[in-house]
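Written below as structure tokens is the structure these notes are about.
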Amino acid sequence: MASKRGALIVLEGVDKAGKTTQCQKLVQALQQSGRPAEMMRFPERSTTIGKLISSYLEKKNDLEDHTVHLLFSANRWELVPLMKKKLEQGTTLVVDRYAFSGAAFTSAKPGFCLDWCMKPDVGLPKPDLVMFLQLSPAEAALRGQFGEERYETSVFQKAVQQKFEQLMKDPSVNWQVIDASKSVENVHKDITTHSLNTINTAQTVPLGELWK
Ligand code: NYM
Ligand code: MG
């Protein structure tokens, strides 16, 4: 029998929904239960492309909007060989943001349509599960001030949320909406349940291609 592949699990949501915390807790829980798992994040700021993106987000440089969109996508593509290798080796990848953030954030800018924004990411490894951490703008505001980075304003985040809602209508993607207003531990429990189911079923189906 061929060895079992890992699952590709993505967490999405607006800023402050708790994605990073939950990714870390999920990886830890999977590892502790003897399942190989690693965390990844996008943008991955350590590469040459990632450094350009990072300084853009920190407002240290300006980039034309289409250009930065394509750099975010390129930053995913440059990690595809590594992702595929890990998945084939049986490691489950827990990913903090993916192509959905790419499409939602750029299409929230004036003059961009969702369809154009999705194109560069067509054919990326398709997540076996995308969990959307749902948090209302009011609840997000209770979690304190936004940071200093580009896009971190409540007006822009509301536009991003609407784009995510459009993306979630696509039945070719396995979306699960998670109520992120619950306690960290209860959100973690929900996420773990969905992830364990996905890890079991991913072993029986080949890795797909996104938006194809
Ligand atoms: N972002 C993230 C995009 O605009 N496009 C993308 O493709 C991705 C992956 O970068 N505000 C935005 C969303 C976030 C920011 O922040 C990355 P963080 O805190 O590193 O996840
Ligand atoms: Mg963040």
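Read the numbers this way: they start at 1 and go in the same order the structure lists the ligands and their atoms.
Near Phe42, meaning under 4.0 Å from one of its heavy atoms, ligand 1 places the atoms 9 (C). Interface of Arg76 with ligand 1, defined as ligand atoms under 4.0 Å from a residue heavy atom, comprises 6 (C), 7 (O), 9 (C).
Taking the six-membered ring where the residue is Trp, the centroids of Phe100 and Phe164 are separated by 6.0 Å or more.
Proximity of Ile53 to ligand 1, defined as any heavy-atom pair under 4.0 Å, is not found for any part of the residue. Contacts with ligand 1 closer than 4.0 Å are made by no heavy atom of Thr106, backbone or side chain. Contacts with ligand 1 closer than 4.0 Å are made by no heavy atom of Arg41, backbone or side chain. Here Pro43 has heavy atoms under 4.0 Å from ligand 1 in both its backbone and its side chain.
Counting non-hydrogen atoms of neighbouring residues, nucleotides and ligands closer than 6.0 angstrom, the CD atom of Glu64 exceeds 12 such neighbours.
The existence of a salt bridge linking Lys25 and Glu185 is confirmed by a sub-4.0 Å separation between a basic side-chain nitrogen and an acidic carboxylate oxygen. Salt bridge present: Glu149 and Arg45 bring a charged side-chain N and a carboxylate O closer than 4.0 Å. Contact check on Lys86 versus Glu38 returns a salt bridge, with a Lys/Arg side-chain nitrogen under 4.0 Å from an Asp/Glu carboxylate oxygen. Look at Arg5 and Asp128 and you find a salt bridge, because one of the NZ, NE, NH1 or NH2 atoms lies within 4.0 Å of a carboxylate O, short of that distance.
Both the sub-6.0 Å distance and the 45° axial angle are not jointly satisfied by Lys163 relative to the ring of Phe105.
Between Arg97 and ligand 1, a contact under 3.5 Å exists for at least one N or O pair.
Note on ligand 1: Arg45 sits in its first shell, one or more heavy atoms being nearer than 4.0 Å. Heavy-atom distances between Lys19 and ligand 1 stay at or above 4.0 Å for every pair.
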